[in-house]
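Within every chain, numbering begins at 1; the chains are lettered A, B, ... in the order of the sequence lines, protein sequences first and strands thereafter. Just the heavy atoms: all of them, side chains too, but no hydrogens, waters or symmetry mates, feed the values below.
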Amino acid sequence: MPWFSPDFEALSLPEARALQERLAGLVREEDVDKTVRLVAGVDVAYDGGGGHAHAAVALWDVASGRVIETATASAETHFPYVPGFLAWRELPAVLAAFGRLGGHPDVVLVDGHGRAHPRRCGLACLVGLALDLPTAGCAKSVLVGSFSGLAAERGARLPLVDRGEAIGAVLRTRTGVRPVYVSVGHRITLEGACGVVLRASRFRLPEPLRIAHTTVTSLRAARIRGA
DNA sequence: GCGACAG
DNA sequence: ATCTTGTCGC
């Protein structure tokens, strides 16, 4: 990850944008070469008025439907939240958490978008490029793009379109519940990404992401009181 | 100018 | 994301 710098705080908005435009060209859309047995989920939580970021990674076993490992890390945030630049704010804590993970996931699900981004380079793409692992974005709301007429049944799916381009998929993971927005992060296809998300979902969000979320929430609580 | 805007 | 209690419903 030659482009990775722990000094993201030093990046100006124009520089961050230029870097994303360049990195978007490095994203590879391809079939995951091996059977997906371990799926990781990553999530981030903040405290200290957003000054501190806590990240949690949950490694989930597809066959048993159980978590086999979790890893966490914290880092100071040096980049504000600006729509389209979320990666520069969350990447430090996320990469630190992965550095503490012993197992090796076949696919990583990220809470946010991948190619469904104004510059086709969201958080999921950056995480995939930095770790050189297959990643997929699974966001709870749209950043860019539109769609209409999604069926209410679990499994229903429609392309998310932006400027005439299909940048991701709107996927219903549970009947009658709001859909999630899936997009390619790196080294995976949209088909593959949707397949993993659907197979890992019992409720609206994939289990790995739900577990990462509860894990990071408790970590933050522990950190706030001092632990 | 007015709204939209991942987490 | 975060600030916040109870409550209605599957």
Side-chain angles (χ1 to χ4, degrees), chain A residues 8 13 16-17 20 23-24 27 41-58 72-97 108-129 135-148 152-154 160-163 167-171 173-186 190 193 197 202-206 208-225:
Chain A
F8 287 137
L13 228 46
R17 173 172 24 69
Q20 284 178 308
L23 295 173
V27 169
V42 207
D43 192 28
V44 176
Y46 301 91
D47 74 43
H52 287 295
H54 304 291
V57 180
T72 64
S74 298
E76 288 64 48
T77 57
H78 295 292
F79 208 94
Y81 168 65
V82 180
F85 296 82
L86 177 67
W88 308 115
R89 181 172 173 68
E90 305 204 330
L91 217 39
V94 168
L95 298 185
V108 177
L109 296 182
V110 178
D111 196 331
H113 293 102
R115 295 190 62 183
H117 176 279
R119 291 173 290 285
R120 309 299 185 252
C121 191
L123 175 62
C125 296
L126 279 291
V127 172
L129 288 170
T135 60
C138 181
K140 300 181 293 300
S141 63
V142 174
L143 175 57
V144 290
S146 60
F147 68 96
S148 65
E153 292 66 43
R154 167 186 159 88
L160 179 63
V161 180
D162 177 49
R163 289 181 290 170
I167 58 176
V170 182
L171 181 65
T173 53
R174 188 163 199 204
T175 300
V177 173
R178 283 185 302 156
V180 292
Y181 306 90
V182 181
S183 60
V184 170
H186 186 49
L190 184 56
V197 168
R202 294 187 55 194
F203 299 106
R204 187 196 179 206
L205 298 181
L209 285 182
R210 296 187 13 135
I211 296 159
H213 188 273
T214 62
T215 300
V216 79
T217 295
S218 59
L219 168 68
R220 181 187 56 187
R223 273 313 186 78
I224 288 180
R225 63 188 171 194

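Looking at Val161(A) and Phe147(A), their side chains never come closer than 4.5 Å, going by heavy atoms from C-beta outward. Residues Val44(A) and Val216(A) fail the side-chain proximity criterion, which asks for heavy atoms closer than 4.5 Å. A heavy-atom distance below 4.5 Å is found between the side chains of Leu126(A) and Cys121(A). Counting only heavy atoms from C-beta outward, the side chains of Thr72(A) and Thr215(A) approach each other to under 4.5 Å. Residues Arg17(A) and Phe85(A) meet the side-chain proximity criterion, which asks for heavy atoms closer than 4.5 Å.
Evaluation of Tyr46(A) against the base of dG7(B) yields no stacking contact (centre distance < 5.5 Å, interplanar angle < 30° required).
At the phosphate of dG7(B), OP1 or OP2 sits under 4.0 Å from a side-chain N or O atom of Ser141(A). For dA6(B), the OP1/OP2 oxygens have no side-chain nitrogen or oxygen of Lys140(A) closer than 4.0 Å.
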*Going through the distances and angles, do His54(A) and Tyr46(A) end up as a side-chain contact (heavy atoms from CB on, under 4.5 Å)?*
CA-CA 6 Å; His54(A) 304 291; Tyr46(A) 301 91; over 6 Å; no

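Within 4.0 Å (heavy atoms only), Gly84(A) reaches at least one base atom of the nucleic acid. Within the nucleic acid shown, Ala116(A) has no heavy atom closer than 4.0 Å to any nucleic acid atom. No engagement by Val82(A) is indicated, since no non-hydrogen atom pair under 4.0 Å with the nucleic acid exists.
For His186(A) and Thr135(A), the side-chain atoms include no donor-acceptor pair closer than 3.5 Å.
Between the CZ atom of Arg89(A) and the P atom of dA1(C) there is a distance of 12 Å, given to the nearest Å. Distance Phe79(A) CZ to dA6(B) P: 15 Å, rounded to the nearest Å. The separation between Leu171(A) atom CG and dA6(B) atom P is 20 Å, rounded to whole Å. In this structure, CZ of Arg154(A) is placed 21 Å from P of dC10(C), rounded to the nearest angstrom. Per the geometry, CG belonging to Leu91(A) stands 19 Å off P belonging to dA1(C), to the nearest Å. Put simply, CG on Leu143(A) is 15 Å from P on dA1(C), counting in whole angstrom units. Separating the CD atom of Gln20(A) from the C1' atom of dA6(B) is a distance of 12 Å, rounded to the nearest angstrom. With rounding to whole Å, His117(A) atom NE2 is found 11 Å from dA6(B) atom P.
Counting only Watson-Crick or G-U wobble pairs whose defining distances are both under 3.5 Å, DNA chain C contains no stem of 3 or more consecutive pairs. Stem analysis of DNA chain B (Watson-Crick or G-U pairs, both distances under 3.5 Å, runs of at least three) returns none.
Between Arg120(A) and Asp162(A) there is a salt bridge, with a side-chain nitrogen of the basic residue lying less than 4.0 Å from a carboxylate oxygen of the acidic one. A salt bridge links Lys140(A) to Asp111(A): one of the charged nitrogens lies within less than 4.0 Å of a carboxylate oxygen.
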